*Asks:* 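Below is the structure I would like to discuss, written out as structure tokens.
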Amino acid sequence: MKKQSWKPGNMLYPVPPVLVSCRDNEGNDNVLTVAWAGTICSDPAMLSISVRKERHSYRMIKESGVFVVNLTTRSLVRATDYCGVKSGKDEDKFQTAHLTKGEAEIINAPIVMESPVNIECKVKQVLELGSHDMFIAEVVNVQVSEKYMDEKGAFHLEDTELIAYSHGVYYELGRELGSFGYSVRKQAHTKVRNA
């Protein structure tokens, strides 16, 4: 297969488009879409988000030191896009994007009630990188929707219709191709089903 070399660029796709909700010290709330978010540590549980300094939420997160990562689903895709192109300086995006505001349990920040998973975070470090600053944060609490819990108390993330973002386009996650470690199990079979 022939290859071409391109100038350095961010081609690490797909990524999870998440709704990040925050509150400043005066009690003003906002929600923005962040496509650059990721897991960075499991013990303690930590994640990162990268935000441009000129974004309205940047100051709010830097000031408060907390934020919530709200996972996005098929039913939230329009709101996810909207919150990525509109500014909270000009409007209440919870209202205009038709999102229901709830409250985090551990930190002082709003959550998106329509999201199946709300990850409450405390900022531990801010790395100034260039176009974006990275907020490295510890996960202090996770809220999950009981809608996706079964009678045994197991949470079924695969039923939430999570979405992904790849090179300017939103996608719904599709078929399961295998589970962690399937390639080395005895008589490994690729399990394929609709998510």
Side-chain angles (χ1 to χ4, degrees), residues 13-23 29-51 57 60-61 64 66-86 88 92-123 135 137-166 169-180 191-195:
Y13 289 112
V15 293
V18 296
L19 289 168
V20 174
S21 49
C22 53
R23 176 175 292 145
D29 294 337
N30 196 35
V31 58
L32 81 154
T33 302
V34 171
W36 294 351
T39 298
I40 57 173
C41 189
S42 58
D43 187 17
M46 297 182 77
L47 58 76
S48 69
I49 61 170
S50 292
V51 182
S57 293
M60 299 172 84
I61 295 169
S64 69
V66 296
F67 60 88
V68 178
V69 171
N70 305 274
L71 298 191
T72 55
T73 62
R74 180 178 181 172
S75 63
L76 285 169
V77 70
R78 188 172 184 84
T80 301
D81 185 67
Y82 187 89
C83 291
V85 296
K86 292 289 188 174
D92 178 350
K93 288 194 282 184
F94 273 98
Q95 184 176 16
T96 54
H98 308 290
L99 297 171
T100 306
K101 190 188 301 185
E103 287 296 320
E105 291 184 357
I106 304 295
I107 63 172
N108 182 19
I111 66 169
V112 175
M113 292 298 291
E114 291 82 1
S115 172
V117 179
N118 315 97
I119 307 167
E120 302 177 31
C121 303
K122 282 188 181 178
V123 176
F135 291 88
E138 183 173 354
V139 175
V140 295
N141 191 51
V142 178
Q143 294 188 50
V144 297
S145 173
E146 292 182 354
K147 176 181 177 180
Y148 303 103
M149 304 283 287
D150 66 22
E151 62 282 349
K152 294 180 181 176
F155 182 70
H156 293 274
L157 187 61
E158 70 276 11
D159 294 335
T160 64
E161 299 182 317
L162 292 176
I163 59 173
Y165 180 79
S166 183
V169 180
Y170 301 96
Y171 295 93
E172 180 181 355
L173 297 186
R175 297 180 304 160
E176 180 182 323
L177 302 177
S179 59
F180 181 76
K191 180 181 174 187
V192 179
R193 69 175 179 83
N194 290 325

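All residue numbers refer to positions in the sequence shown, counting from 1. Because the structure is a prediction, the values reported are computed rather than measured.
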*Asks:* Would you please name every residue forming a side chain to side chain contact (heavy atoms under 4.5 Å, CB included) with R78, sequence neighbours left out?
*Replies:*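 R78: no side chain to side chain contact (heavy atoms under 4.5 Å, CB included) contacts found.
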*Asks:* Using 0.5 Å steps for rounding, measure from the CE atom of M46 to the CD1 atom of I40.
*Replies:* 4.5 Å
*Asks:* Closest approach of A37 and V18, non-hydrogen atoms and distance?
*Replies:* CB-CG2, 4.0 Å
*Asks:* Tell me, do L71 and L157 make a side-chain contact under 4.5 Å, heavy atoms counted?
*Replies:* yes
*Asks:* List the residues meeting ring-ring contact (aromatic ring centres under 6.0 Å, His included) with Y165, not counting sequence neighbours, and say none if there are none.
*Replies:*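 Here the qualifying residues are Y170.
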*Asks:* Quick one: OG1 on T80 to CD1 on I163, what's the gap to the nearest 0.5 Å?
*Replies:* 4.5 Å
*Asks:* What's the shortest heavy-atom distance between P116 and Y148, and which atoms?
*Replies:*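 Closest heavy-atom pair between P116 and Y148: CB-CE1, 3.8 Å.
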*Asks:* Could you note down all residue pairs passing side chain to side chain donor-acceptor pair (under 3.5 Å) where residues 108-121 supplies at least one of them, sequence neighbours left out?
*Replies:*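 The answer is R23-N108, N70-N118, T100-E114, E120-N141, E120-Q143.
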*Asks:* For H156, enumerate each residue passing the side chain to side chain contact (heavy atoms under 4.5 Å, CB included) test, keeping only those at least two apart in sequence or located in another chain.
*Replies:* D150, A154, E158, D159
*Asks:* With a 3.5 Å distance limit and no angle check, can you tell me whether K93 reaches the backbone of K86 through a side-chain donor-acceptor pair?
*Replies:* yes
*Asks:* If every non-hydrogen atom of C83 is compared with every non-hydrogen atom of V31, which pair is closest and at what distance?
*Replies:* SG-CG1, 3.8 Å
*Asks:* Distance from D92 atom CG to K101 atom NZ, nearest 0.5 Å?
*Replies:*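 Those atoms lie 5.5 Å apart.
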*Asks:* Do you know which of L47, V20, V34, I61 makes side chain to side chain contact (heavy atoms under 4.5 Å, CB included) with F135?
*Replies:* I61
*Asks:* Determine the minimum heavy-atom distance between I111 and F94, stating which atoms define it.
*Replies:* O-CE2, 3.9 Å
*Asks:* Working to the nearest 0.5 Å, report the span between CD of E172 and OG1 of T73.
*Replies:*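 With rounding to 0.5 Å, CD (E172) is 9.0 Å from OG1 (T73).
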*Asks:* Closest approach of A109 and S21, non-hydrogen atoms and distance?
*Replies:*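 Residues A109 and S21, closest heavy atoms: CB-O, 4.5 Å.
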*Asks:* Does Y171 have any ring-ring contact (aromatic ring centres under 6.0 Å, His included) partners at least two apart in sequence or in another chain, and if so, which?
*Replies:* none
*Asks:* Could you note down all residue pairs passing side chain to side chain donor-acceptor pair (under 3.5 Å) where residues 30-46 supplies at least one of them, sequence neighbours left out?
*Replies:*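 Checked against side chain to side chain donor-acceptor pair (under 3.5 Å) - neighbours excluded - the pairs reaching residues 30-46 are N30-S57.
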*Asks:* Return yes if some donor-acceptor pair links the side-chain N/O of T72 with the main-chain N/O of P17 below 3.5 Å, else return no.
*Replies:* yes
